[in-house]
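Here the structure is laid out as structure tokens; the discussion comes afterwards.
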Number of protein chains: 2
Amino acid sequence: MLKLNPVKPEIANDGETQDLTYTISELAKEFGITTRAIRFYEDEHLISPERIGRQRIYSGRDYTRLKLILRGKRLGFTLADIADMLNLYDSEPGEKAQLEVALVKARQRRQSLEQQLDDLKLTMTELDAFETSCREQLKNL
Amino acid sequence: MLKLNPVKPEIANDGETQDLTYTISELAKEFGITTRAIRFYEDEHLISPERIGRQRIYSGRDYTRLKLILRGKRLGFTLADIADMLNLYDSEPGEKAQLEVALVKARQRRQSLEQQLDDLKLTMTELDAFETSCREQLKNL
DNA sequence: ATTGACGTTTACGTAAACGTCAATATAATA
DNA sequence: TATTATATTGACGTTTACGTAAACGTCAAT
């Protein structure tokens, strides 16, 4: 293999170190997903790695985006939703109108997240009650 | 229409009143989903309404299950996951082994929910930072 | 020169969760 | 009773998020 990452440090870090690059299979292993998934995210414009020839080279920024993508997925968001979030974050507004649009979108996101938080709390409360009831019944045996 | 719900009270309630029944379209309207979706949940054994002839009659219990289904969906769980949860809750254990299995499953659920809670908090924190930064930039104009 | 490990593109396949007709059956109402 | 509204059962279509080959390129090592 072409020596793309010649002096990759062995020290444990969060993977976001500057100038550190990754191959697709390194990222796949790190995040426990397939290379196919990573390429798919690129098709959907969620990541845009550099290229050396045809080969993809992922940066620390790509690493971070991937982390955000997977977190978004665990929260049940679609890739389209996640794309929105990512584009929101790395758009360089500068203009007033842009900033205000960003704030509106952020507020909508917050709405959605708060709804989820409520749902989460309710679900946990019910689970608590259920577990308590189970233990109660176990005791009465 | 056959008078299935003859004395449905007009007072606002949580829809879980005992002995109250619903037609499929009433539920659809109430929850903002299509009748197709509701029938699909039945195909997947998430609800099992009574029948009068071929027509489906939904009980307060069905109403509650539907509410739980939609909450599960908002949390990003698959219908299979949700089916597990529902079956978990309304299984009548009685036996010790059953109860212990239930407790194990409950713990797994909790794991998943806590992971989501962490993800949710992180995402909200980042959103906060982003909003603050936006407002900051707006002030400097 | 070949083998192996990894990477690439292209293309078709698939499971989940419904949407969207179409045809038919009841039910409610004028 | 005729009409209108609602319900039911197929059956096929659609979107999302990848999986699964197939066929080929690249480099390192033997």
Side-chain angles (χ1 to χ4, degrees), chain A residues 1-6 8 21-59 62 65-86 112, chain B residues 1-8 21-59 62 65-86:
Chain A
M1 176 170 56
L2 190 71
K3 262 304 182 195
L4 297 167
N5 329 340
K8 187 169 300 182
T21 64
Y22 309 85
T23 68
I24 195 167
S25 53
E26 282 170 343
L27 282 187
K29 186 182 266 183
E30 174 109 5
F31 287 110
I33 59 183
T34 64
T35 59
R36 176 69 181 88
I38 298 178
R39 288 195 198 98
F40 183 73
Y41 298 152
E42 183 177 351
D43 289 346
E44 302 290 308
H45 308 103
L46 297 176
I47 337 176
S48 320
E50 302 287 305
R51 298 277 181 134
I52 291 185
R54 332 163 71 198
Q55 196 172 349
R56 294 167 172 84
I57 312 296
Y58 297 86
S59 67
D62 295 324
R65 288 174 79 88
L66 199 43
K67 203 171 57 178
L68 291 175
I69 291 168
L70 298 179
R71 203 163 75 196
K73 289 205 64 186
R74 286 195 303 271
L75 289 173
F77 291 114
T78 67
L79 292 187
D81 284 336
I82 297 171
D84 272 11
M85 291 199 260
L86 292 175
S112 165
Chain B
M1 175 169 56
L2 190 74
K3 260 308 181 192
L4 296 166
N5 329 340
V7 281
K8 187 168 302 183
T21 64
Y22 308 85
T23 68
I24 195 168
S25 53
E26 282 171 343
L27 283 187
K29 187 181 266 185
E30 174 109 5
F31 287 110
I33 59 183
T34 64
T35 59
R36 178 69 183 84
I38 298 178
R39 288 195 199 96
F40 182 73
Y41 298 151
E42 183 176 352
D43 290 346
E44 303 291 307
H45 307 105
L46 297 176
I47 338 177
S48 319
E50 303 287 305
R51 298 274 181 137
I52 291 185
R54 332 165 71 195
Q55 193 173 351
R56 294 168 172 82
I57 311 297
Y58 297 86
S59 67
D62 295 323
R65 288 174 78 89
L66 199 43
K67 203 170 57 177
L68 291 176
I69 291 168
L70 298 180
R71 204 164 73 197
K73 290 206 63 187
R74 287 195 302 271
L75 289 174
F77 291 113
T78 67
L79 292 187
D81 284 337
I82 297 171
D84 272 10
M85 289 199 258
L86 291 175

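Chain letters run A, B, ... following the sequence lines, proteins first, then strands; residues in each count from 1.
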Applying side-chain hydrogen bond (donor to acceptor under 3.5 Å, both in side chains), can you list everything that pairs with Ser48(B), at least two apart in sequence or on another chain? none
When you measure from the side-chain N and O atoms of Tyr41(A) to the phosphate of dC18(D), is any distance below 4.0 Å, counting only OP1 and OP2? yes
What is the distance, to the nearest angstrom, from the OH atom on Tyr22(A) to the P atom on dC6(C)? 19 Å
Can you sort out the partners of Phe31(A) under ring pair (Phe, Tyr, Trp, His ring centres under 6.0 Å), two or more places apart, ordered by chain and number? Tyr63(A)
Can you tell me how far P of dA5(C) sits from NZ of Lys29(A), to the nearest Å? 13 Å
What integer distance in Å separates Ile24(B):CD1 from dT8(D):P? 5 Å
Return the set of residues passing salt bridge (Lys or Arg N to Asp or Glu O under 4.0 Å) with Arg51(A) (not counting sequence neighbours), or none when no residue passes. Glu42(A)
Strictly below 4.0 Å: does Thr23(A) bring a side-chain N or O up to OP1 or OP2 of dG7(C)? yes
Of the candidate nucleotides dT8(C), dT9(D), dC18(D), which contains the atom at the shortest distance from the side chain of Gln55(A)? dT8(C)
In this structure, how many angstroms lie between the P atom of dC18(D) and the CD atom of Glu42(A), rounded? 15 Å
Closer to the 5' end of DNA chain C via nearest nucleotide, is it Arg51(A) or Phe40(B)? Arg51(A)
If we only count heavy atoms from C-beta on, is the Ile57(A) to Pro49(A) side-chain gap below 4.5 Å? no
Distance check needed: dC18(D) C1' versus Phe31(A) CZ, whole Å only. 18 Å
Whole-Å gap separating C1' (dT9(D)) and CD1 (Ile38(B)): 16 Å
N/O (side chain, Thr35(A)) to phosphate O (OP1/OP2, dG7(C)) under 4.0 Å: no
List in chain and number order the residues that pass salt bridge (Lys or Arg N to Asp or Glu O under 4.0 Å) with Arg36(A), two or more places apart in sequence or in another chain; answer none if no residue qualifies. none
Between Arg56(B) and dT26(C), does any side-chain N or O lie under 4.0 Å from OP1 or OP2? no
Quickly work out the Ile52(A) CD1 to dG7(C) C1' distance and round it to whole Å. 13 Å
Sugar-phosphate or base contact per nucleotide [nucleotides 21-26 of chain D; S, B, -; heavy atom under 4.0 Å]: ----S-
From the list dT6(D), dC18(D), dT9(C), which nucleotide is the closest neighbour of the side chain of Ser25(B)? dT6(D)
Can you list everything that forms a salt bridge (Lys or Arg N to Asp or Glu O under 4.0 Å) with Arg39(A)? Sequence neighbours excluded, please. none
Using a 3.5 Å distance criterion without hydrogens, assess whether the side chain of Arg56(B) forms a donor-acceptor pair with backbone atoms of Thr23(B). no
Ser112(A): what forms a side-chain hydrogen bond (donor to acceptor under 3.5 Å, both in side chains) with it, not counting sequence neighbours? none
May I have the list of side-chain donor-acceptor pairs in residues 75-86 of chain B shorter than 3.5 Å, sequence neighbours left out?
unit_1	atom_1	unit_2	atom_2	d
Thr78(B)	OG1	Ala80(B)	N	3.4
Thr78(B)	OG1	Asp81(B)	N	3.1
Thr78(B)	OG1	Asp81(B)	OD2	3.4
Asp81(B)	OD2	Thr78(B)	N	3.4

Short question: side chain of Asp43(B), backbone of Phe40(B) - any donor-acceptor pair under 3.5 Å? no
note: Glu26(A), atom CD; dA5(C), atom P; distance rounded to Å ~ 17 Å
Report yes if some heavy atom in the side chain of Leu27(A) is under 4.5 Å from a heavy atom in the side chain of Ile24(A); otherwise report no. no
Range-with-range stems of DNA chain D (Watson-Crick or G-U pairs under 3.5 Å, three or more in a row): C:1-30 with D:1-30
Between residues 69-78 of chain A and DNA chain D, which residues have a heavy-atom gap below 4.0 Å? Lys73(A), Thr78(A)
With a 4.5 Å limit on heavy-atom distance, are the side chains of Tyr41(B) and Ile69(B) in contact? yes
